[in-house]
K.L.:
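Here it is, the structure, as structure tokens.
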Amino acid sequence: MATIPSRTQRGHSTEALSGASLAAGAMMTLSGALSILMGVSGVSQDTLFAASAGYTYWFDLTTWGVIHLVVGVVLLVAGLGVLADQSWGRGAGAAMAAISLITQFMFVPHYPAWAIPMMTLDLLILFALTRFHIETRGAH
């Protein structure tokens, strides 16, 4: 009967983060911190953003500040989870990057110069966290 080898060998430390996971964790902590700053700006100064009349996804601008603040905190925590190589980090990070992407899309009419680059960052995070990593090992 064949046995499945363990991912780590006796005497060696655990496998380090892959480059994509490291990049995703760093981008998530950056995105989270920037969203927190945007949220604090929205909560403290309600006149910071332009209010579009008749916009389908219209919320009070203070509400947008709270949304950015909450999404930013969760993105930051998930990013730290990815960087710490926690099992929940990748799933939580992908889910939060998707939520952040949707909220940024809905925020475009208020501040497009902010929302579009943040959407790009969220897409990069999603790509880095959801890509398949196929490991090839030489025959022993």
Side-chain angles (χ1 to χ4, degrees):
M1 178 180 266
T3 61
I4 300 172
S6 65
R7 293 191 63 109
T8 60
Q9 296 176 0
R10 184 174 286 176
H12 295 289
S13 62
T14 58
E15 189 175 296
L17 282 176
S18 72
S21 294
L22 185 61
M27 287 187 290
M28 284 171 50
T29 56
L30 174 65
S31 179
L34 290 173
S35 291
I36 290 170
L37 292 174
M38 179 59 75
V40 169
S41 297
V43 169
S44 66
Q45 188 177 10
D46 212 18
T47 60
L48 178 67
F49 311 118
S52 303
Y55 179 53
T56 304
Y57 305 114
W58 186 85
F59 292 115
D60 178 62
L61 294 177
T62 302
T63 304
W64 273 117
V66 171
I67 290 169
H68 283 300
L69 191 60
V70 169
V71 169
V73 167
V74 179
L75 267 173
L76 184 65
V77 169
L80 293 173
V82 169
L83 291 175
D85 204 16
Q86 297 296 311
S87 60
W88 54 267
R90 293 179 66 83
M96 282 314 300
I99 290 169
S100 177
L101 177 65
I102 292 166
T103 58
Q104 293 297 338
F105 175 77
M106 293 168 59
F107 193 67
V108 167
H110 297 290
Y111 200 168
W114 172 269
I116 294 170
M118 292 301 289
M119 288 169 51
T120 304
L121 186 59
D122 291 334
L123 284 171
L124 289 171
I125 292 167
L126 280 169
F127 173 74
L129 288 176
T130 59
R131 70 178 184 77
F132 290 102
H133 178 69
I134 299 173
E135 186 174 331
T136 57
R137 294 186 186 260
H140 294 279

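Numbers here simply count residues along the sequence, with the first being 1.
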K.L.:
If you measure from OG1 on T63 to NE2 on H68, what distance do you get to the nearest 0.5 Å?
P.N.:
11.0 Å

K.L.:
For M38 and W114, which heavy atoms make the closest approach, and how far apart are they?
P.N.:
CE-CD2, 3.1 Å

K.L.:
Looking at CD1 of I125 and OG1 of T29, how far apart are the two atoms once the value is rounded to the nearest 0.5 Å?
P.N.:
8.5 Å

K.L.:
Please step through side-chain contact (heavy atoms from CB on, under 4.5 Å) for the pair M118 and F107, ending with a clear verdict.
P.N.:
CA-CA 11 Å; M118 292 301 289; F107 193 67; over 6 Å; no

K.L.:
Once you round to the nearest 0.5 Å, how far does CG of L75 lie from CG of L34?
P.N.:
10.5 Å

K.L.:
Say whether M28 and F127 are linked into one hydrophobic cluster, either directly or through other cluster members, by side-chain heavy-atom distances under 4.5 angstrom.
P.N.:
no

K.L.:
If you take all heavy atoms of S35 and Q104, which pair is closest and at what distance?
P.N.:
OG-NE2, 4.2 Å

K.L.:
Just how far is it from atom CG of L101 to atom CG of L126, taken to the nearest 0.5 Å?
P.N.:
6.5 Å

K.L.:
Indicate the atoms forming the closest heavy-atom contact of A128 with A20, along with that distance.
P.N.:
CB-O, 3.6 Å

K.L.:
For residues L69 and V40, report the shortest heavy-atom separation together with the two atoms involved.
P.N.:
CD1-CG2, 3.9 Å

K.L.:
Under 3.5 Å, side-chain donor or acceptor atoms of residues 90-97 against the rest of the protein: list the pairs with distances, not counting sequence neighbours.
P.N.:
residue : atom : partner : partner atom : Å
R90     : NH1  : S21     : OG           : 2.5
R90     : NH2  : L129    : O            : 2.6

K.L.:
Work out which heavy atom in L83 is nearest to a heavy atom in A26; give both atom names and the distance.
P.N.:
CD2-N, 3.9 Å

K.L.:
As an exercise, state the distance from CE of M27 to CG of L123, rounded to the nearest 0.5 Å.
P.N.:
10.5 Å

K.L.:
Using every non-hydrogen atom in the two residues, find where V108 and I116 come nearest and quote the distance to one decimal.
P.N.:
CG2-CG1, 4.5 Å

